[in-house]
Amino acid sequence: MSEHAISVHNIYRSFGALKAVNGVSFDVPHGSVCGFVGANGAGKTTTMRILASLDYPSFGSAEICGINVIHHPEEARRLIGWMPDHFGNYDNMTVLEYLDFYARALGYKGAERRSRIEEVMDFTDLTELSDRLSNKLSKGLTQRLGLGRALLHDPQVLIMDEPAAGLDPKARVELKHLIRVLAEEGKTIFISSHILSELGEMCDSLLFINQGKIVHHGDAETLREGHEQSDAVYYDVKLAHQERTLEDWVVTTPHVELIETRKRGGRILLEQSSPESRAAILAKMVRDGLPVIEFHKEERNLEDAFIDILGNLEEGKEAIPSKAATPPPIPTSTETAV
Ligand code: ATP
């Protein structure tokens, strides 16, 4: 067995002067779920299309289970299930006819074809809908049909481009469940999204791409904890009324940053997390007349991590900084808090 299910070595892809993929390398272990994250236009689809042998890199190579997708695309395609972000459908074709059409195209015959179709309809819970018109399904059902189609030849590696885009919460939960089941069966899943929170819950690792370059590859926990290495913590603050706003208070308080304004309060970042400094902040809020009714620590979310990584890179620092020096203590009275 090859060492990795997916292995990408220094790929580049340009469209005219635009470097859509600019020296990308990464490996994905067998049986894991890897989330591919980046803003619109970051280079996700271009990378995925190269992996799916639908496009050639200008330079570099990519392997699926040890098979070079550029030199042996047909062999690689047997191992890949490709689910594009948009896929066409046909008029007047039922769910069963749709899957049957693709199973035939893949070369399945007779009883084997029927059994593959039954298996994927059962897995994607489409059996009851086999007579429904495939182009009249909801977005969630259409995605399940697309997943079924991608699984017909029982691929080792599933490449999914934004499969959760436009799905309602219930359909997202169902999709996440199916992805986890596939990973437990030993398949490797490479899935893109720009909604970080949904990827964090289901992925074993997250690969961040920005302007065609990989800026980070790690697990969601390490990313969330990244900021804690520098002692900073997020707090949610709720106020009884808005006579004095959190925004105004933060301006007069060093080592505290307002991250987000919320209904009656907001989310703040404290540069220090020791019990003494947190107590000092709360005491200062009360002393300064802020009507605090709630003050509690919040998990750092993946969006924070991504934004920090981009910010650090812009400043020429490490993507996730090593433990930072402890900032000076928080002032204990309003007079010193300028
Ligand atoms: P999105 O989330 O919007 O799909 P993405 O991360 O998948 O974005 P890509 O589709 O890979 O990004 O596009 C990367 C860049 O390459 C974009 O600036 C895009 O406009 C450009 N691009 C992609 N395909 C082509 C093409 N065939 N011709 C010209 N430019 C292209």
Side-chain angles (χ1 to χ4, degrees), residues 6-28 33-64 69-70 73 76-77 80-89 139-140 142-143 146-147 149-150 157-168 171-172 175-176 179 188-203 205-218 220 223 301-303 305-311 313-314 319:
I6 301 175
S7 219
V8 171
H9 313 281
N10 204 22
I11 57 169
Y12 288 77
R13 177 68 167 106
S14 298
F15 299 105
L18 178 81
K19 290 177 179 159
V21 176
N22 194 7
V24 160
S25 299
F26 62 90
D27 296 312
V28 180
V33 183
C34 176
F36 196 27
V37 187
N40 293 120
K44 301 181 296 294
T45 302
T46 308
T47 306
M48 289 182 136
R49 281 175 49 80
I50 292 171
L51 270 177
S53 77
L54 298 169
D55 192 11
Y56 293 109
S58 322
F59 182 83
S61 68
E63 287 166 14
I64 298 286
V69 296
I70 297 131
R77 279 178 202 178
I80 303 166
W82 163 242
M83 203 175 145
D85 50 355
H86 296 103
F87 46 91
N89 225 319
K139 178 84 183 161
T142 303
Q143 290 301 74
L147 178 61
R149 184 183 97 182
V157 176
L158 198 57
I159 303 174
M160 309 172 88
D161 194 3
E162 298 271 0
L167 295 190
D168 63 39
R172 274 172 199 231
L175 183 75
K176 275 186 215 170
I179 288 168
T188 306
I189 294 145
F190 189 53
I191 176 171
S192 74
S193 177
H194 44 253
I195 305 173
L196 271 164
S197 46
E198 74 187 19
L199 280 183
E201 292 163 26
M202 68 173 144
C203 293
S205 71
L206 292 172
L207 187 67
F208 286 16
I209 185 167
N210 184 50
Q211 295 178 356
K213 287 180 189 284
I214 301 298
V215 293
H216 186 71
H217 192 181
L223 275 169
N301 61 39
L302 291 170
E303 273 82 7
F306 190 39
I307 290 164
D308 288 347
I309 285 175
L310 296 185
L313 290 169
E314 268 168 29

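One-based numbering, in listed order, for ligands and for the atoms of each.
In this structure, the protein non-hydrogen atom closest to atom 3 (O) of ligand 1 is Asn40 ND2, 3.1 Å. Counting only heavy atoms of the protein, atom 8 (O) of ligand 1 lies nearest to Gly41 N, 2.7 Å. If you check which protein heavy atom lies closest to atom 28 (N) of ligand 1, you get Phe15 CD2, 3.5 Å. For atom 2 (O) of ligand 1, the nearest protein heavy atom (residue, atom name, distance) is Lys44 NZ, 3.0 Å. Scanning the protein for heavy atoms near atom 18 (O) of ligand 1, the closest one is Leu18 CD2, 3.5 Å. When only non-hydrogen protein atoms are considered, atom 11 (O) of ligand 1 lies nearest to Thr46 OG1, 2.6 Å. The protein heavy-atom contact nearest to atom 4 (O) of ligand 1 is Thr45 OG1, 3.6 Å.
Remark: side-chain polar atoms of Ser192 are paired, donor with acceptor, to backbone N or O of Glu162 under 3.5 angstrom. The backbone N or O of Leu167 sits less than 3.5 Å from a side-chain atom of Arg172, completing a donor-acceptor pair. A distance-only check finds no donor-acceptor pair linking the side chain of Ser25 to the backbone of His9 [under 3.5 Å]. The closest donor-acceptor contact from the side chain of Lys44 to the backbone of Ile191 lies at 3.5 Å or more, if one exists at all. Side chain of Arg13 to backbone of Lys19: no donor-acceptor contact under 3.5 angstrom is found.
Taking the six-membered ring where the residue is Trp, the centroids of Phe26 and Phe190 are separated by under 6.0 Å.
Here the CZ-CE distance, from Phe36 to Met160, works out to 15.5 Å after rounding to the nearest 0.5 Å.
Counting heavy atoms closer than 4.0 Å to ligand 1, residue Val21 contributes nothing at all.
Ligand 1 places these atoms under 4.0 Å from at least one heavy atom of Ala42: 5 (P), 6 (O), 12 (O). In summary, the atoms of ligand 1 found under 4.0 Å from a heavy atom of Ala20, numbered by their order in the structure, are 14 (C), 15 (C), 16 (O).
At least one heavy atom of Gly43 sits closer than 4.0 Å to an atom of ligand 1. Look at Ala39 and you'll find a heavy atom under 4.0 Å from some atom of ligand 1.
A side-chain N or O of Asp161 and one of Thr45 form a donor-acceptor pair less than 3.5 Å apart.
Each of Val69, Asp27, Leu51 was scored for a side chain to side chain contact (heavy atoms under 4.5 Å, CB included) with Ile6, with one residue passing: Leu51.
Remark: atom 20 (O) of ligand 1 lies closer than 4.0 Å to no protein heavy atom.
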